Each structure stands twice: as C-alpha cells, then as structure tokens.
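Predicted, not measured: the structure shown is a model, and the values here were computed from it. Note that ligands are numbered from 1 as they come in the structure, with each ligand's atoms numbered from 1 the same way. Count residues from 1 along the sequence.
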Amino acid sequence: MDCAGVIGYGHMGRMLVKGFLSSGALCPGEIVVASRSRESRDICAGAWPRISIAETNRELARRCRTIILAVRPQEIREVLCEIVPVLSRGEHLVSLAAGVSLEDLEGLYPGPVTRVIPTVTSAIGKGTTLVCHGRRVGKDDARRVEGLFSSIGNVMRVGEADLTAATLLSSCGPGLLAAIIEELAGAAARASELPPDRALVLATEMVAATAAYLRETGKAPGDLIGEVATGGGVTEAGVEGLRERLPGVFDEVVAAMLERCGAVGRS
Ligand SMILES: NC(=O)c1ccc[n+]([C@@H]2O[C@H](COP(=O)([O-])OP(=O)(O)OC[C@H]3O[C@@H](n4cnc5c(N)ncnc54)[C@H](OP(=O)(O)O)[C@@H]3O)[C@@H](O)[C@H]2O)c1
C-alpha cells in the first residue's frame, strides 16, 4: 500500500501526524507511526485510534512508500542503519534532521532522499516548510512530498546551499520575532502605566496585522514605513533609532546562529 510513515512521535512527529490527518491530506489508513518508546506509541494510539502504529521502525519501513524521519539529528544514523536493509531503494526518505546533509543521507541510503524543514507555526497551517530534494528524487516523489507538506502551510523548494539561511528565517524566525514582540511590549510597559499583559496583546496583534497588511497589499516594508513614519512624527523617531542599530544587531544575531548551525548534527 502507498502509505506514509512517520518515525519519531516527538514534537515534530505529533505536529505532522495531526496536520496531515486534520487537513485531510492523509486518511487514517494511509499513515503509519513508529517511535522508540512504548509510551510515545501509546500516546499516538490514544490520540489517533484509527491509524497504524508499528512496533518497530523496520515494520514501518516495510509498509511505507514515503518514510518521514522525525528524529533528532544524532538519531538519524541509527534509524537508517536499522531500516535500510529492508528497503528496496524505491522508498522515498524524508528527513527533518537539521544539519544532516543530503550527501550524508544518500551515503546511508541509495534511494531518493529529501530534506524538509517545517516550522513551529506549521501546527496552525501557517508558515513555510522548506524542501530540498536529493539528486535521486523523481518528479512524482517530489510532487507527492510537496503536496503532503502543503497541507501544513506553504512549501518552498530551496537548494541545499541556501537551506541554512532559509531555515534561520522560516524555522528560527518565529522564535526571533517572539523575542522582539516581548521586548517591544516590555519597553512600552516599562515606560508607561500600560499593564504588561495588555502591552503584549497589543504588540502581538500588531505584528500579526502588519504581516497580513504587507502580504495582502503586496507593499514592501519600506512603503509601509513611509505611510506611518511621517516627517518629524513619533514613528519616525522610532524607525530612525532602529535603522541605526538594527543592522549591527541582526548581523550579530545571524552570525551567532550560523555558528551554532555548524555544531548541529555533529554530536
Ligand atoms: N522542533 C522544531 O521546531 C523543528 C523544526 C524543524 C525541524 N526540526 C527537526 O525535527 C526533528 C525532530 O525534532 P523534535 O523537536 O520533534 O524532537 P523530539 O521531540 O525529541 O522528538 C524526537 C522523537 O524521535 C524519537 N526517536 C528517537 N530515536 C528513535 C529511534 N531510534 N526510533 C524511533 N524513534 C526514535 C523519540 O521517540 P520516543 O519519544 O519514543 O523516545 C522522540 O519522540 C529534529 O531532527 C529537528 O532537527 C525540528
């Protein structure tokens, strides 16, 4: 049967199973889940009584055409060594593991391999899943996987050379933006009598509305700034301060994240 399998029922595995099933991209008979612990398998069976739970990764591998590896980077090798002996080379392996290259994956499995990077906001069907196909992936496999992941948001194909920078934006970005929302709301609350919880609600709604405005109008950020930051006005004072300091701050932030990326997958 043409099933999709998810190995690893952790944060990402749970999010994917929920997204694929609740969007209708897969029906319960089309998905198989395996996870290392009995506890995770039982949690999955309790949440989704109609899907198949495999007792072992090999059992899943024997039954699935598309196999999604939702385990941590340091666990990938062990899982591949376990399942590759039962694969026919026709199965499509889809790895979520940050920092594990296509070359590494193709070195362990001589069939089609794709890397995907979803994001925390995929849990609500928003944001972009990055997709990077290996050289053995054919058109049909590519279409099937992109179709599956488009059920949890947008899908963007990227070359592996761009994957790290794209990941900083799409997958790390929500964490960065959440930190900015916290700091902006905190500063407004500290400088006034606005209660911190109300400041946080206002800042969060403002960010959501600003993103929606840019997307729906097709305007560039600079156009929006021009509309709000009128000469000598309040916003202009804020934008000037940010433009002076933010390039340096963000260069440092990106450099720190890139340095950390180099360490992911090596442990
Ligand atoms: N979190 C994010 O925002 C994010 C975003 C993009 C990509 N990713 C990538 O997604 C992957 C998973 O991340 P996560 O946050 O979901 O990690 P996680 O919560 O730690 O989940 C990993 C799961 O893998 C299972 N596992 C470990 N070894 C296994 C084995 N040998 N066989 C079967 N299952 C095994 C564990 O199972 P048990 O629970 O049964 O022990 C655990 O549930 C990582 O490679 C990460 O780089 C994460």
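Residue Ile76 does not touch ligand 1, judged by heavy-atom distances below 4.0 Å. Residue-level proximity to ligand 1 for Ala34 is absent, since no heavy atom of it falls below 4.0 angstrom. Contacts with ligand 1 closer than 4.0 Å are made by side-chain heavy atoms of Glu75 only, the backbone lying farther away. Looking at Ile7 against ligand 1, only its side chain comes within 4.0 Å, counting heavy atoms. Residue Leu96 touches ligand 1 through backbone and side chain together, judged by heavy-atom distances below 4.0 Å. Residue contacts with ligand 1, taken as heavy atom pairs separated by less than 4.0 Å, involve Ser40 solely via side-chain atoms from C-beta onward. Both the backbone and the side chain of Ser37 come within contact range of ligand 1, each with a heavy atom under 4.0 Å. Under 4.0 Å from ligand 1, not a single heavy atom of Glu39 appears.
Within a 6.0 Å sphere centred on CE of Met156, other residues, nucleotides and ligands contribute 12 heavy atoms or fewer. Counting heavy atoms of neighbouring residues, nucleotides and ligands inside a 6.0 Å radius, atom CD of Glu227 exceeds 12 of them.
In terms of polar-atom proximity, defined here as any N/O pair under 3.5 Å, Thr119 makes no such contact with ligand 1. By the 3.5 Å distance cut-off applied to N or O atoms, Ser171 is not counted among the residues near ligand 1. For ligand 1, the polar-atom distance check finds an N/O of Met12 within less than 3.5 Å of one of the ligand's N/O atoms.
Aromatic ring orientation, His92 versus His133: tilted (interplanar angle from 30° to 60°).
Here the side chains of Leu69 and Val79 are in contact, with some heavy-atom distance below 4.5 Å.
Under a 3.5 Å cut-off, the side chain of Thr56 and the backbone N or O of Glu59 do form a donor-acceptor pair. Remark: side-chain polar atoms of Ser101 are paired, donor with acceptor, to backbone N or O of Asp104 under 3.5 angstrom.
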Under 3.5 Å, which donor-acceptor pairs do the side chains of residues 157-182 form with other protein atoms, sequence neighbours left out?
| from | atom 1 | to | atom 2 | distance (Å) |
| --- | --- | --- | --- | --- |
| Arg157 | NE | Glu146 | OE2 | 2.7 |
| Arg157 | NH2 | Glu146 | OE2 | 3.1 |
| Glu160 | OE2 | Leu102 | N | 2.8 |
| Glu160 | OE2 | Arg115 | NH1 | 2.7 |
| Thr167 | OG1 | Leu163 | O | 2.6 |
| Ser170 | OG | Ala166 | O | 3.2 |
| Ser171 | OG | Pro118 | O | 3.3 |

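Note on Ile31: it clusters hydrophobically with Tyr9, by side-chain heavy-atom contacts below 4.5 Å among ILVMFWY residues.
Looking at Ser170, Gly10, Pro73, it is Gly10 that brings a heavy atom closest to atom 43 (O) of ligand 1. Counting only non-hydrogen atoms, the option in Ala70, Gly99, Ala97, Ser122 that gets closest to atom 22 (C) of ligand 1 is Ala70.
Note that CD1 of Ile117 is 6.5 Å distant from CG of Leu130, once rounded to the nearest 0.5 Å.
Using 4.0 Å as the threshold, Val120 has no heavy atom nearer than that to any atom of ligand 1.
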